[in-house]
Asker: 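Provided herewith is a single structure, encoded as structure tokens, for subsequent inquiry.
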2 protein chains.
Amino acid sequence: MGARQTKSPEAVARKEALVREMLDRVGDKWTLLVIEELGSGGEMRFTRLRDRIGGVSQKMLTKTLRELERDGLVIRTVHPVVPPRVEYRLTKLGEALGEAVCGVWTWVENHLQDVEQARQVYDRKHVREMGGPAGEG
Amino acid sequence: MGARQTKSPEAVARKEALVREMLDRVGDKWTLLVIEELGSGGEMRFTRLRDRIGGVSQKMLTKTLRELERDGLVIRTVHPVVPPRVEYRLTKLGEALGEAVCGVWTWVENHLQDVEQARQVYDRKHVREMGGPAGEG
DNA sequence: CAGGATCCGGTCGGATACTG
DNA sequence: CAGTATCCGACCGGATCCTG
């Protein structure tokens with residue numbers, strides 16, 4: 001079979017799966033904020049990070065950081081002191097992703113009004129289903 | 001932009017919330033695929049879309065399309081015929097978002113290996129938790 | 001201070017049945 | 001064909017307790 005440089009459909013599928021997974025990752029509520037904070041604030045500790053992000057539970061922050069670490073986007077440094085001191089910082093990879101996400105971020109900022117307006121228009125058409133604006137009788 | 005600081009902190013907060021929401025949206029498993037399909041395949045019907053995406057339930061496809069429609073990213077056209085014929089296509093806004101997301105998509109494709117390798121390295125260190133080898137310094 | 005373990009409510013999402 | 005309504009299991013994520 002002409003197996004040239006043609007990638008197997010499986011490889012393509014796995015790539016797409018990973019693409020989806022990463023987009024899912026950056027779309028995650030906390031992941032984004034963590035990347036943002038570490039990107040602008042540089043290396044920082046767990047508690048500091050939790051404080052700056054605000055609203056994130058210890059569980060979710062830990063989970064988020066673990067995933068980022070696993071994907072090579074964040075470096076976790078444990079200082080063998082007491083009390084424990086753990087610092088997190090973005091890797092080059094993490095910074096690059098942050099910049100890529102920036103494009104979407106920018107798009108949203110630029111088209112905020114369009115989206116909000118579209119929603120208002122849409123909602124107008126669908127209020128009828130609910131308890132309507134009482135303009136009927 | 002010569003705009004002074006006319007924006008209230010509340011407006012900024014709401015903007016950030018919407019940014020997060022949109023990133024969450026594009027990170028959604030099906031949303032991405034729908035945008036991709038409509039972007040490359042142009043206007044198409046519900047069933048066709050479901051068939052091309054594959055693996056999506058009717059419930060989720062409907063929900064995804066509704067959200068995209070509400071945000072003004074997709075146009076839904078109902079043809080009053082029998083059997084029903086409903087077609088979906090991207091708006092200009094939707095196409096623009098698709099392009100913005102493309103940046104992240106590209107990043108992932110370019111750094112696929114880095115992420116996969118990082119994961120392998122990370123996993124090596126954590127296999128110990130499972131039935132890992134007992135040998136450890 | 002960092003984070004593992006657990007409980008538990010809320011939401012997500014698939015399968016199914018029904019409609020126009 | 002396109003979509004709504006419902007049931008229900010799986011997972012998400014917060015609160016809490018405990019440890020080194």
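We name chains A, B, ... by the order of the sequence lines, and we start the count at 1 in each one. All values below come from the heavy atoms of this structure, side chains included, with hydrogens, waters and symmetry mates left out.
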Asker: Just how far, in rounded Å, is C1' of dC12(D) from CD of Glu67(A)?
Answerer: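 Computing the Glu67(A):CD to dC12(D):C1' distance gives 12 Å.
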Asker: Give each protein N/O atom lying under 3.5 Å from an N/O atom of nucleotides 13-16 of chain C, with the pair distance.
Answerer:
| residue | atom | partner | partner atom | Å |
| --- | --- | --- | --- | --- |
| dG13(C) | N7 | Lys59(B) | NZ | 3.2 |
| dG14(C) | OP2 | Ser57(B) | OG | 2.8 |
| dG14(C) | O6 | Lys59(B) | NZ | 2.3 |

Asker: For atom CD of Gln117(A), is the number of surrounding heavy atoms from other residues, nucleotides or ligands below 6.0 Å larger than 12?
Answerer: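 Atom CD in Gln117(A) is not crowded, with 12 or fewer foreign heavy atoms closer than 6.0 Å.
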Asker: Just wondering, more than 12 heavy atoms not from Glu21(A) lying within 6.0 Å of its CD?
Answerer: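 Yes - once you tally the heavy atoms of other residues, nucleotides and ligands closer than 6.0 Å, there are more than 12.
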Asker: Is Lys29(A) salt-bridged to Asp24(B), going by a charged N under 4.0 Å from an acidic O?
Answerer: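 A salt bridge is absent here (no side-chain N lies under 4.0 Å from a carboxylate O).
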Asker: For Val56(B), run the side chain to side chain contact (heavy atoms under 4.5 Å, CB included) check against Met60(B), Lys59(B), Arg52(B) and tell me which one passes.
Answerer: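 Only one of Met60(B), Lys59(B), Arg52(B) forms a side chain to side chain contact (heavy atoms under 4.5 Å, CB included) with Val56(B), namely Met60(B).
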Asker: Could you list by number each residue of residues 78-88 of chain A showing a heavy-atom separation from DNA chain C of less than 4.0 Å, or answer none if no residue does?
Answerer: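 Result for residues 78-88 of chain A: Pro83(A), Pro84(A), Val86(A), Tyr88(A), sorted by number.
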Asker: What pairs with Glu36(B) under salt bridge (charged side-chain N to carboxylate O under 4.0 Å, His left out), at least two apart in sequence or on another chain?
Answerer: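 Salt bridge (charged side-chain N to carboxylate O under 4.0 Å, His left out) check on Glu36(B) returns nothing, list empty.
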Asker: With a non-hydrogen cut-off below 4.0 angstrom, is Arg48(B) in contact with a base, only sugar-phosphate, or nothing?
Answerer: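 Here Arg48(B) touches no strand at all.
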Asker: Just how far, in rounded Å, is C1' of dT4(D) from CG of Leu61(B)?
Answerer: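 Between C1' of dT4(D) and CG of Leu61(B): 14 Å.
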Asker: Contact class for Arg50(A) vs. all strands (heavy atom < 4.0 Å): base, sugar-phosphate, or nothing?
Answerer: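 Counting heavy atoms under 4.0 Å across all strands, no contact is made by Arg50(A).
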Asker: Expressed as a whole number of angstroms, how long is the span from Asp24(B):CG to dC12(D):P?
Answerer: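 Answer to the nearest Å: 13 Å.
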Asker: Would you indicate, yes or no, if dG3(C) has its OP1 or OP2 atom less than 4.0 angstrom from a side-chain nitrogen or oxygen of Arg66(A)?
Answerer: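 For dG3(C), OP1/OP2 do have a side-chain N/O of Arg66(A) under 4.0 Å.
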Asker: Rounded to the nearest Å, what distance is computed from the CG atom of residue Leu65(A) to the C1' atom of nucleotide dC1(C)?
Answerer: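 Computing the Leu65(A):CG to dC1(C):C1' distance gives 14 Å.
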Asker: Quick one: ring-ring contact (aromatic ring centres under 6.0 Å, His included) pairs with a partner in residues 78-110 of chain A, sequence neighbours left out?
Answerer: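 For residues 78-110 of chain A, and leaving out neighbouring residues, the ring-ring contact (aromatic ring centres under 6.0 Å, His included) pairs sorted by first residue read Trp107(A)-His111(A).
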Asker: Would you confirm whether Asp28(A), through its side chain, and Trp30(A), through its main-chain N or O, come within 3.5 Å as a donor-acceptor pair?
Answerer: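 Checking the backbone N and O of Trp30(A) against the side chain of Asp28(A), a donor-acceptor pair under 3.5 Å is found.
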Asker: For DNA chain C, which residues in residues 31-47 of chain B have a heavy atom at a distance below 4.0 Å?
Answerer: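 Going residue by residue through residues 31-47 of chain B, none turns out to have a heavy atom under 4.0 Å of DNA chain C.
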Asker: Going by the rule side chain to side chain donor-acceptor pair (under 3.5 Å), which residues pair with Arg70(A) if we only count those two or more places apart in sequence or in a different chain?
Answerer: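 Only Asp123(B) meet the side chain to side chain donor-acceptor pair (under 3.5 Å) criterion with Arg70(A).
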Asker: Which heavy-atom pair separates Leu93(A) from Asp71(A) by the least distance, and what is that distance?
Answerer: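 Looking at all heavy atoms of both residues, the shortest contact is CD2-O, 3.9 Å.
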Asker: Which value, rounded to the nearest 0.5 Å, describes the distance between Glu87(A) atom CD and Arg48(A) atom CZ?
Answerer: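 Separation between the atoms: 10.0 Å.
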Asker: Indicate yes or no for a side-chain donor-acceptor contact from Thr64(A) to the backbone of Thr31(A) under 3.5 Å, with no hydrogens or angles considered.
Answerer: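 Answer holds: no.
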